[in-house]
S.K.: 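This is the structure I have questions about; it appears just below.
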Amino acid sequence: MTHYADLLYLLTSEQPLSTADLVANLGTSKLKILRDLNRLMKYKIVCRTSFEQHVLYCINGEFNTLICETLDL
């Protein structure tokens, strides 16, 4: 879970975010962000939603407490 800590922290505090927002804030490649998001979506920790022409990502509400406790927020 620590591998995804920065991504999860950002999504927890500023969701929903696009991939462009995540790349700009985390300073990593779009490919890595998409790979990490796909892994987290596979385990239903992150949700993907479409709004108009945008694709946005946010934390699955069922995990908010667990993520906050794990990241000590």
S.K.: To the closest 0.5 Å, what do you measure between CG (Leu22) and CG (Leu7)?
M.R.: 6.0 Å
S.K.: Quick one: list whatever passes side chain to side chain contact (heavy atoms under 4.5 Å, CB included) with Ser50, sequence neighbours left out.
M.R.: Val55
S.K.: Once rounded to the nearest 0.5 Å, what's the spacing between atom CG of Leu11 and atom CG of Asn60?
M.R.: 12.0 Å
S.K.: Would you say the side chain of Ile33 lies within less than 4.5 Å of the side chain of Thr28, judging by non-hydrogen atoms?
M.R.: yes
S.K.: Which other residues end up in the same hydrophobic cluster as Phe51, if Ile, Leu, Val, Met, Phe, Trp and Tyr are linked when side-chain heavy atoms come under 4.5 Å apart?
M.R.: Leu56
S.K.: Any pair with a residue in residues 16-27 that passes side-chain hydrogen bond (donor to acceptor under 3.5 Å, both in side chains), sequence neighbours left out, goes on the list, sorted by first then second residue, please.
M.R.: Ser18-Asp21
S.K.: From Asp36 CG over to Leu40 CG, what is the distance, rounded to the nearest 0.5 angstrom?
M.R.: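 The distance works out to 6.5 Å.
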S.K.: In Å, rounded to the nearest 0.5 Å, how long is the span from SG of Cys47 to CG of Leu37?
M.R.: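 Here the interatomic distance stands at 11.5 Å.
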S.K.: Would you sort out whether Tyr9 and Leu26 count as a side chain to side chain contact (heavy atoms under 4.5 Å, CB included), showing the intermediate values?
M.R.: CA-CA 11 Å; Tyr9 175 78; Leu26 295 174; over 6 Å; no
S.K.: Going from CG on Asn38 to OH on Tyr43, what distance comes out if it is rounded to the nearest 0.5 angstrom?
M.R.: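 Going from CG on Asn38 over to OH on Tyr43, the span is 12.5 Å.
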